[in-house]
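Shown next, in structure tokens, is the structure this report addresses.
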Amino acid sequence: MIKPLIAGNWKMNKTVSEAVAFVKQLRERLPAGLDREVVIAPPYTALPAVAGEARGTGIRVAAQNLHWEENGAFTGEVSAGMLADCGCEYVLVGHSERRTLFGETGEVIHRKIRAALSAGLKPIFCIGENLAERESDKTFSILEGQLKEGLKNLSFDDIRRTVIAYEPVWAIGTGRTASPEQAQEAHAFIRRVIEKQSDEKISGLLPILYGGSVHPGNVDSLMARPDVNGVLVGGASLDVESFARIIMFK
Ligand code: PEP
């Protein structure tokens, strides 16, 4: 049984005070002993404050990005160790906005996954096809290629500590969601690829999240699919009522 994981990616939104106010409000809306992992990924500036506010609540903190080196002359960058030091447990890697807007390649993403794992962070490794790739029946080969490059040469133990987020690029921020059937098909395929790279036990325990225009009205049907173990939510995680409803999916 995989514990459901609900993660909110705030992207470049919310000041420190807005972020802290959000966590206070979210805490009040979540029941004690919640059987779901809740993760918030605020911008870098709000990480320490959000981690402080979330301490002891069961809400976990993720960064949205990292650099693969431990330290050095990399102006504007932040390392995995620095993120762990300010209270992060997770980090997003390979988000499609990083790939398309900032030119991140599969090799860069692989280095970032390794760096995260070395510092004790759990990478939320985002993969997904764009519309042209889906329409030309390349979805599976794209997913397999991204997975193989991102996870190459990782130990079984490292794969076990990784979370995969299937985020079809055509569904991110577009209001167009993959159907539960499309999500299930992709997730089952991803699990088979992971099984080949590790073993059945590890692939059976690996959380695979769906991301792409998730909102309170579609989360229940997505989460009803056996290989959908959680969701990565962008826009709908910015509003506390909507994010709380997503966390409390039925
Ligand atoms: C995302 O950015 O990871 C995402 C899924 O965004 P949205 O929910 O807004 O589509």
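Just follow the structure's listing: the first ligand is 1, and inside any ligand the first atom is 1.
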Mark up the atoms of ligand 1 that fall under 4.0 Å of a heavy atom belonging to [X], in ascending order.
{"X": "A171", "value": "10 (O)"}
{"X": "G235", "value": "7 (P), 8 (O), 9 (O)"}
{"X": "I172", "value": "1 (C), 2 (O), 4 (C), 6 (O), 10 (O)"}
{"X": "G212", "value": "5 (C), 10 (O)"}
{"X": "S213", "value": "7 (P), 8 (O), 10 (O)"}
{"X": "H95", "value": "1 (C), 2 (O), 3 (O)"}

### Task
Establish, yes or no, whether the cationic atom of R36 lies under 6.0 Å from the six-membered ring centre of F249 and within 45° of the ring axis.
yes
### Task
May I ask you to check if R98 and F102 form a cation-pi contact, with NZ or CZ under 6.0 angstrom from the six-membered ring centre and within 45° of the axis?
yes
### Task
Go through the side-chain N and O atoms of R99 and N130 and say whether any donor and acceptor fall under 3.5 Å apart.
no
Can a salt bridge be assigned to the pair [X] and [Y] using a cut-off of 4.0 Å between side-chain N and carboxylate O?
{"X": "R111", "Y": "E104", "answer": "no"}
{"X": "E37", "Y": "R60", "answer": "yes"}
{"X": "D199", "Y": "R160", "answer": "no"}

### Query
Closest non-hydrogen protein atom to atom 2 (O) of ligand 1, residue and atom name please, with distance?
K11 NZ, 2.6 Å
### Query
Looking at OG of S79 and CG of D85, how far apart are the two atoms once the value is rounded to the nearest 0.5 Å?
9.0 Å
### Message
Would G234 count as a polar contact of ligand 1, with the cut-off being nitrogen or oxygen pairs under 3.5 Å?
### Response
yes
### Query
Any N or O of G173 that comes nearer than 3.5 Å to an N or O of ligand 1?
yes
### Task
Take every heavy atom of H215, measure it against each atom of ligand 1, and state whether any distance is under 4.0 Å.
no
### Message
Could you check whether any heavy atom of G175 sits closer than 4.0 Å to an atom of ligand 1, since that is the contact criterion I want to use?
### Response
no
### Query
Using 30° and 60° as the class limits, which term best fits the ring planes of F243 and F22: parallel, tilted or perpendicular?
tilted
## Note on the structure
Nearest non-hydrogen contact to atom 5 (C) of ligand 1 from the set R176, E97, E167, Q64 belongs to E167
